[in-house]
Trainee: 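Before I ask anything, here is the structure I am working with.
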Amino acid sequence: MLLPCPLLPLTATAVAVKMAALQATVLLLLTLLIKARIQIRTASALGLLLLTLQTLAGLAALAGLGLTAFGAAAVAARSRPAPVV
């Protein structure tokens, strides 16, 4: 059987301090978790925006190269000498 602690008010105070510290730690961790989730979503949105811009730039370059190739083929077809029959 355990004997009652003679320093009961000190122990109760220590328990209250430990509980307050635990509550503060949990609040800090929740705040950091929410902050991390916000940062992840922001970075994800920024990544999607940059991927969209990269895709559009690639499609524009591809369209430009296609038009250049088509123009070169048209110029080559016009400047080809007539076949001799």
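The shown structure was predicted, so the numbers you read here are calculated from the model rather than taken from an experiment.
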Trainee: Excluding sequence neighbours, so at least two apart, what forms side-chain contact (heavy atoms from CB on, under 4.5 Å) with L51?
Mentor: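 Residues passing side-chain contact (heavy atoms from CB on, under 4.5 Å) with L51: Q54, T55.
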Trainee: Under a 3.5 Å distance rule, please check whether S44 uses its side chain to pair with a backbone N or O of I40 as donor and acceptor.
Mentor: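 Checking the backbone N and O of I40 against the side chain of S44, no donor-acceptor pair under 3.5 Å is found.
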Trainee: Only pairs under 3.5 Å count here: list side-chain donor-acceptor contacts from residues 14-25, not counting sequence neighbours, and write none if there are none.
Mentor:
| unit_1 | atom_1 | unit_2 | atom_2 | d |
| --- | --- | --- | --- | --- |
| T25 | OG1 | A21 | O | 2.8 |

Trainee: In the hydrophobic clustering (ILVMFWY, side-chain contacts below 4.5 Å, transitive), which residues join L32, or is it alone?
Mentor: L28
